[in-house]
**Student:** 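Sharing a structure below in structure tokens format, with a few things to ask.
Throughout, a chain's letter reflects where its sequence line sits, starting with A, and its residues are numbered from 1. Just so it is clear, the model here is predicted, and its values are computed rather than measured.
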Amino acid sequence: MFAGLRRAHLGPRRGVGWMVAGPALLAMLIAGCAQAGASEAEDLLIWVDGANVPLLEDVAALFTESEGVEVRVQEVGFSDIRGQLLQAGPAGKGPDLIIGANDWIGELVINGAIAAIQLPNPDDFNPTALEAFSWDGQLYGVPYAQENLALYRNTDLVPEAPETFEEVVEISMELQESGEVDQAFMIPSSPDEAPYHYHPLVRGFGGYVFAYGEQGYDPSDVGIDNPGAIAAGEAVQGWVDSGLINPNVDGGIQQEQFGLGNVAFAISGPWALVQGGAGFEETGVNFAVQAIPPIDGNTSRPYVGSQGMMVSAFSDKPLLAQSFATEVMAGVDAQMIMYGANAPPVLTEVIELAQQENPNLAAVGEAGAVGEPLPAVPAMSSVFRAQGDAWTLIFRGAPVQSTLDNTAAIVRDALEG
Amino acid sequence: MSVDTRPGQPDTGRRSPPTSSLVNRLGGSASAIAVKLVALAVVNGLFLAAVPRMIEVEAWSMLAVAGLATLALDVIYLRRDLLPLKYLVPGTIFMLLFQAFPVTYTFYLSFTNYGAGHILTQDQAIERIEDDSLEVVGAVTYDARPVVGPDQVGALLTDPTGSTFLGTTDGLTAVDEQLPEGFEAVSLQEAAEQEDAYAQLRIPTDEGEVRLRSLTSAAVLEQTRVYDPDTGVLTDLTTEMAYTPVEGTFTADDGSTITPGWRVPIGINNYTRVFTSPEISGPFLRVFLWTFVFALLSVSTTFALGLLLAIALNKKGMRGLKTYRSLLIFPYALPSFLTALIWRGLLNESFGPVNQILATEIPWLTDPTVAKVSILLVNLWLGFPYMFIVSLGALQSIPGDMLEAAETDGATGVQRFRHVTFPLLLVSLGPLLVATFAFNFNNFNIVYLLTGGGPPIEGAQTPAGHTDILISYTYRLSFEGGQGAQYAFAAAIAVIIFMIVASLSAWGFRRTVHLEDL
């Protein structure tokens, strides 16, 4: 060791210079590169799921053309956007705007993660979509699409549209008894899917999750265990016994079987139409779309979800972000571009276009006219979770009353925090 | 480093080229020095690159730690002495970064209220509440365009009747055709470069102060909630209610609260909740027992099958040996999250190929008991190749002369296995078995993707399923229960699970040390 130290003093000065200068230069180079990488020339950053990236890039180009604003569109998984905004935002690393679903806003608002928006043209929008994006009387998103369930019917197997749900049951049972099809009616029933897909039936019987009125949802009025909900549970249990409903059906199985022409009726949303080859419009099956028919004379109301743009409360350019949402995203040009997302549009002009160009998609949208907004209550994931378990138990023959009593207790508990 | 083994040799002094004196000074071959210098330069560069950012967010302690660490690395690797440190430091740094820091941070989080409704700092929460409380006064809203003046920014405002005004801090001035001298309209991009100035623009009018809501719209806005930093009280001006901070939430005397809240330490509340809340402790014991059984059976079944196959395929000169071995490793080569999903489809009661081929209607994933068997079978399928590989390796490392000696002594095949092969195997495989147990104890993927924890337990006060293990159960509790992600609560449970797994593993490793004495 001493030898090494001694040699250091004896070495030529040039060597020392290089030893210090070389690494230092390289260090500065790296520091420089990192700096250059960190400060990209962008005014706004949007997080959007993969499928919508090309659409948002076109929308962003509108803003660049008119105002010279550079908007960067960054891909983030749909299911990650909400959570990552909540984590990255407070640390100052989040986006200025996000694309997401209306049922996120409750959680995002109580966490202070998104800012309210004032639309210049609210009357041009489907009111249900705007209501879906409202919380406590304020609007928190600019919608561009809506999503709701409808009844898909194989027109080769069932030429005439049924007018009541009782007819659906009757026709299905006849088809099954005659041996024409194995499973005439399909509804996705996995624990993740059942609460959303069975909701229209439950509403037809008079059950509900939260009471819905003029003021929107009232989370203090839980109807998961009311007489209507119990009647629905018992009816479903009867249909499982009679073979109308097979609880082992999930969305994937339904999509495949209906596309093959093996199913007479399917409950599904706009996503069933085009699905990269597996969509009903792509497999060549002959079908028609209609609203889920009324049960026992009562309207079957599906949830109407909505997709749209939200402004992050952590944006360091909140005024510019607001302008992008209200001027660009809410405008006809952007809404026309977003029509490419294959979901029913929500702006009047685009809805009219869809009615001419894409009647099936427009029909799904029209089926949502009797619907109610998908609740944005932050406890919604707890609600769906508990309901998913309840349906699984009901399918397997558990007593409906006690099962739903327990579910309602879990939900009331979750609402308290 | 190999060149530097000549401490006794005379110094070569000035005759040597500069590189060789560098070699002497730093130790090692020229290429080794180059690698070392480049690596150090990268470290220094990364530090320098991070400095402006750390100054920007005022992370002084982080800056100090990172600076000292970088300096220490430079000193340690540029000097010829300190040899032990050269070996110890990289490992220590990685351990601190990837083990000690996350554990400490989780531990810290578990004593806070970080989670749904409490993700902001207090300053952020106050800013949010005040901004959200802006209310439009009067019916007039203006279309706006940003304008730059001689010494201030302004906005060109158009009211619903089409009249146009220039709005500045001096008030409104009617504009006919042209902007007044010195004022100039700018694009939104230019305006956004000094957004703060526009955000702070207050235009006094008869109805109140007009503010920009975006760069393109404005209205008379009034703030209805005000925070007083001196008293720490937030007042709602419309209701005259006063809110004081209680555990990270502004709370009024009547118990009403304002969202969002902010994160604060709350002591051991998260832990007491785990142990005292009947909803949580109800299914907890049941889930805990199944976690134990699941981990234990997963290890023993995979080990048994892997070892059996390893013994069968340890015969030298067997035909197609390599093909068999490759085929058996196959399940290991596929990502488990994909195969778990595929198994979920295969085991569907009505539409799954398994029941269709067997012509049965076995409720693989929907019956409580059968689902437990299914999950163990799928885990066996996923896990045995690993055990097969390690067992095969261990078998081949057992010295042949020991087995020969046993054979000479007249031991049968079974006796040789029981008294020679198996004990020797356990010496080398014991730690792996313990590690596999710890892994399966927290095997979230298989449970979440195959059964989702289901089928549900009837009448459970909190959603829990028959195949839920601790980690999947607490995931549901923390992220799918209540009003959203409860990170701090999840951290508390993670700490508890960490304690359980750490003590079980410690016990297990100690046992494997005893095996070596055999």
**Student:** Checking A:Phe63 against chain B: side chain, backbone, both or neither under 4.5 Å from a heavy atom?
**Tutor:**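 Just its side chain gets close to chain B.
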
**Student:** Less than 4.0 angstrom from a charged side-chain N to a carboxylate O is my criterion; do A:Lys317 and B:Asp196 meet it?
**Tutor:**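 So A:Lys317 does not pair with B:Asp196 through a salt bridge.
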
**Student:** Would you mind checking which part of A:Ala91 comes under 4.5 Å of any heavy atom in chain B, side chain (CB onward), backbone (N, CA, C, O), both or neither?
**Tutor:**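 Only the backbone of A:Ala91 comes within 4.5 Å of chain B.
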
**Student:** Heavy-atom cut-off 4.5 Å, strictly under: side chain, backbone, both or neither for A:Phe314 against chain B?
**Tutor:**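 Looking at A:Phe314, just its side chain touches chain B.
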
**Student:** Between A:Val249 and chain B, which part of the residue has a heavy atom less than 4.5 Å away: side chain, backbone, both or neither?
**Tutor:**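 Both the backbone and the side chain of A:Val249 come within 4.5 Å of chain B.
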
**Student:** Take atom CG of A:Asp182 as the centre, draw a 6.0 Å sphere, and report whether it contains more than 12 heavy atoms from other residues, nucleotides or ligands.
**Tutor:**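 Atom CG in A:Asp182 is not packed in, count stays at 12 or less.
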
**Student:** Is there a donor-acceptor pair closer than 3.5 Å between any side-chain N or O of A:Glu67 and the backbone N or O of B:Leu188?
**Tutor:**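 Here the side-chain-to-backbone pair exists.
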
**Student:** Once you round to the nearest 0.5 Å, how far does CG of A:Leu86 lie from CG of B:Leu120?
**Tutor:**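 If I round to the nearest 0.5 Å, the distance is 9.0 Å.
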
**Student:** Which region of A:Gln183, side chain (C-beta onward) or backbone (N, CA, C, O), has a non-hydrogen atom less than 4.5 Å from a non-hydrogen atom of chain B, or is it both or neither?
**Tutor:**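 It is neither, since no heavy atom gets under 4.5 Å.
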
**Student:** Under the side-chain hydrogen bond (donor to acceptor under 3.5 Å, both in side chains) rule, collect the residues that match up with B:Glu193, sequence neighbours excluded.
**Tutor:**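 B:Glu193: side-chain hydrogen bond (donor to acceptor under 3.5 Å, both in side chains) contacts with B:Gln189.
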
**Student:** Any chance you could lay out the side-chain contact (heavy atoms from CB on, under 4.5 Å) test for B:Thr366 and A:Arg396, step after step, and finish with the verdict?
**Tutor:** CA-CA 8 Å; B:Thr366 45; A:Arg396 295 192 62 77; 3.2 Å; yes

**Student:** Is it true that a side-chain atom of B:Glu195 and a backbone atom of A:Leu319 form a donor plus acceptor pair closer than 3.5 Å?
**Tutor:**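 Confirmed, B:Glu195 side chain pairs with A:Leu319 backbone.
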
**Student:** Is a side-chain N or O of B:Gln124 found less than 3.5 angstrom from the main chain of A:Pro90, in a donor-acceptor match?
**Tutor:**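 Indeed, once roles are kept as given, a pair shorter than 3.5 Å links the two residues.
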
**Student:** Which atoms of A:Ala313 come close to chain B, meaning under 4.5 Å heavy atom to heavy atom: side chain ones, backbone ones, both, or neither?
**Tutor:**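 Looking at A:Ala313, backbone and side chain both touch chain B.
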
**Student:** Would you confirm whether A:Ser323, through its side chain, and B:Thr216, through its main-chain N or O, come within 3.5 Å as a donor-acceptor pair?
**Tutor:**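 Checked: pair present.
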
**Student:** Begin with the C-alpha distance, continue with both residues' side-chain angles, and end with the deciding distance and a verdict on side-chain contact (heavy atoms from CB on, under 4.5 Å) for B:Phe351 and A:Glu256.
**Tutor:** CA-CA 11 Å; B:Phe351 301 92; A:Glu256 184 192 348; over 6 Å; no

**Student:** Would you mind telling me which of A:Asn246, A:Leu320, A:Leu44 has the largest number of heavy-atom pairs within less than 4.5 Å of chain B?
**Tutor:**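 Max contact count across the listed options: A:Leu320.
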
**Student:** Need one label for A:Ile394: side chain, backbone, both or neither, based on atoms under 4.5 Å from any heavy atom in chain B.
**Tutor:**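 For A:Ile394, no heavy atom lies under 4.5 Å from chain B.
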
**Student:** For A:Asn111, which atoms come within 4.5 Å of any heavy atom of chain B: side chain, backbone, both, or neither?
**Tutor:**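 The answer is both parts of A:Asn111.
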
**Student:** A:Asn248 side chain to B:Asn348 main-chain N or O, any donor-acceptor pair under 3.5 Å?
**Tutor:**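 Here the side-chain-to-backbone pair does not exist.
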
**Student:** By side-chain hydrogen bond (donor to acceptor under 3.5 Å, both in side chains), which residues pair with A:Gln255, not counting sequence neighbours?
**Tutor:**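 A:Gln255 satisfies side-chain hydrogen bond (donor to acceptor under 3.5 Å, both in side chains) with no residue once adjacent residues are dropped.
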
**Student:** Starting at OG of B:Ser214, measure out to CD of A:Gln118 and round the result to the nearest 0.5 Å.
**Tutor:**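 It comes to 9.0 Å.
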
**Student:** Taking side chain as everything from C-beta outward and backbone as N, CA, C, O, which of these in A:Pro247 sits under 4.5 Å from a heavy atom of chain B? Side chain, backbone, both or neither.
**Tutor:**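 No part of it gets close to chain B.
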
